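Only this structure's heavy atoms are used, side chains among them; waters, hydrogens and symmetry mates stay out. From a predicted model like this one, the values you see are computed outputs, not experimental measurements. Atoms within each ligand, like the ligands themselves, are counted from 1 in listed order.
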Amino acid sequence: MKKLMEKIGEELVKAFETAGYDSSYAKVTVSNRPDLCEFQCNGAMAAAKQYRKAPIQIASAVVDALEKGGVIGEAEAAAPGFINLKVNPEALSEYLNQMQMDQDLSVEKAREPKTIIVDYGGANAAKPLHVGHLRSAIIGESIKRMGRFMGHHVIGDVHLGDWGLQMGLIITELAERKPELPYFDESYSGEYPEEPPFTISELEEIYPAASARSKEDAEYKEKALTATFELQQGRSGYRALWKHIMTVSVADLKKNYSNLNVDFDLWKGESDVQDYIPRMAEYMKDAGYAYYDQGALIVDVKEESDTKEIPPCIILKSDGAALYTTTDLATIMDRMEHYHPDEMIYLADKRQELHFTQVFRCARKTKLVDGDTGLTFIGFGTMNGKDGKPFKTRDGGVMRLENLISDINEEMFRKIVENRSVKDKEAEGTAKIVGLSALKYGDLSNQASKDYVFDIDRFTSFEGNTGPYILYTIVRIKSILTRYAQEGGTLEKGVMLPPVGESEKSLMLSVAGFNTMIENACEEKAPHKVCAYVYELANQFNHFYHETKILGEEDQKRRASYLALLDLVREVLETSIDVLGFEAPERM
Ligand code: ARG
C-alpha cells in the first residue's frame, strides 16, 4: 500500500502542475512545526528562483489549486513561502482501516528478495560469553529480523572463534592436570572416550587459569602455541579433545543465546574453513594477487584515495600459519560457494574496522565475491559502566553474561513485585520477559556505533525511554482489550471513524507512519530508529488514553472505533518489538 506521505505528495504534484509550476518542487516532509501542521512542503521557496516570483505567491497558487476531498484536508501558505498541510481526518481513518486489513500492515515487502548472511554473535568457544559479545548478539539479531521482516532470505551465522590459542591453552592445562588421559599419548591408537573429560564449569575454570599462567610463564605459553599448531595440523588426540571442548561449550552457548532470544541458522566457525585455506592461498598466488614479502604471503589493499595507511592483507604468516584475516576470507569463499549471498553483514566491535576494511578490499580485489555482492561492517561501540569505563563487575573482573542477565532479572522482579499487579507465581516469569526488554532496548535505543552506559536502574524503570515502559504500554492496551471482551464486546476491523480530538489524531498519524519508519530503519540497518518510533507511539497512546474514556464511551460506534485503533496500536507495537527481538507478557 502507498505511504500516506506518498499520497499527499501525489496531490501536491497535481496542484503544482495545475498552478503552472514544475512538479519536481512538490516534495513533502513531516512537519518540523507540529504545532502548526502535520506535513509541509518547502518547494515554493526553491521554485521562486526559477520563476522569479515571491515564494508566498507560488505557495498560495498551489494551495488554491489543491483539489478538495483528498488526503490533504487543510492547506495553508505561510510566510515566507511554506505550504503547511494537515491530513483529512476521514482519509486518515480510511487509511488505518485498510492498514488493519492488510496482513503486512501496509509495508511493501521486497519485490526481489535477497539472500543475506548476517555474521553476528561471534562468541569464542570455550571462553565464557561476556558482555563484549552481548552487543553483537543483540544488534545482529535485530538486523536479521529486520531483513526477514522486509521479505529477504536471511541466514544468521554465529561464526564461532573456535580455532585459536584458547584451544591450545586448554589442551596444555589439561595435559598438566590429567596427563594420564589417552588424548595426550601419541602412540594411543584405540577409540577415544565418548564422555568429555570435563564439565562446562570445569572448562570455564580451566581457560582463565591457563590464560593467566601463559602470561607469566613463557615456556607454558610456548607449549600452548605448539598444541594449537598441532591441533590445526590434525594431531588425533587433540582433535578428539577439541571435539569435546566444542560439544560442551556449544551446548552452553546455545543455552545462553536462547535466554537472550537469539538464535542462529548456522553454527559454523573458524575451524570449518580450514580446508579452504591452502586452496585459497594457491589461487591468490596463481592469479597474481598475492605475493611473498619477508616470507609472508600478502595482498596489497591500499587505495589511492586513502587518507590513512591501510596495511596489506596477510594471507599466511611466514611460518605458514593462518590469521584472523585468513579465516574470514576463507569463510567468504565458503559462503559464496554454498549460499551465493547478495550481501554479507558483519557485526563486531568498531575497533575491528581496519580488519574488515582489509578483508573486504581483499575479497573484492581477488574476486572471491561478485562485483555486486554487498559487504557491510556494522561496528558497535563499547558498553560502559556508570564510571564511563568499559563495563566490569564490582570487583573489576569481566562480567559474565549469565550474571548480568540474572542481575537484571532480580531488579526487574523486585520492581514488579513492588508494583503488585501480578501474582507472585507469575512474577518470576514476567521478570524474565521484561528484563530481556530492559537489556535489549537499553542497547538498541542507542545508535550502534556509539558507546553507551549500562545503567540497570534506568533500564529497568517503567518510566522514560525504556523497554519496560514500552511493554507496560502494550500490557495496558491488552488489558483494555481483555476487559472489553469480558464485557461481551468483539473487536471489529474496518470500523475506525475519523479522529475527534488532537491526541487521537496524532496517535493515528504515528500509526500510519509505521511503513515509512520500518522501511527506512531496515534500509539503514538502524534498530535505534525502531526504538525511537515505538517510544513516540507509546507516548502518544498514553496521552490519548489519559484524555479519553474508552470503555466508558457510550456511543457504540465510537467505542468500537477506539477499540479497533487500540488493537492496531498494539499490533504495530508488538510487530516492532518483535523486530527488535523481544516480546510482551500478557500481564505485568
Ligand atoms: N570472534 C570474534 C571476536 O571475539 C568476532 C567474530 C566476528 N566475525 C567475523 N567474521 N570476524 O572478536
Exercise. Are side-chain N/O atoms of Tyr346 and Gln352 paired as donor and acceptor at under 3.5 Å?
Worked result: no
Problem set entry | With sequence neighbours excluded, residues passing salt bridge (Lys or Arg N to Asp or Glu O under 4.0 Å) with Arg351 | Asp349
Problem set entry | Lys243 and Thr247 side chains, donor-acceptor separation under 3.5 Å | no
Exercise. Using a threshold of 4.0 angstrom between heavy atoms of the protein and any atom of ligand 1, which residues qualify?
Worked result: Asp119, Gly122, Asn124, His133, His159, Tyr324, Asp328, Tyr346, Gln352, Phe356
Problem set entry | Residues which pass salt bridge (Lys or Arg N to Asp or Glu O under 4.0 Å) with Asp185, listed by chain and number, not counting sequence neighbours | none
Exercise. What's the verdict on side chain to side chain contact (heavy atoms under 4.5 Å, CB included) for Glu519 and Glu108, showing C-alpha distance, side-chain angles and the deciding distance?
Worked result: CA-CA 8 Å; Glu519 283 176 36; Glu108 271 187 47; 4.1 Å; yes
Exercise. Partners of Glu204 by salt bridge (Lys or Arg N to Asp or Glu O under 4.0 Å), sequence neighbours excluded?
Worked result: Arg400
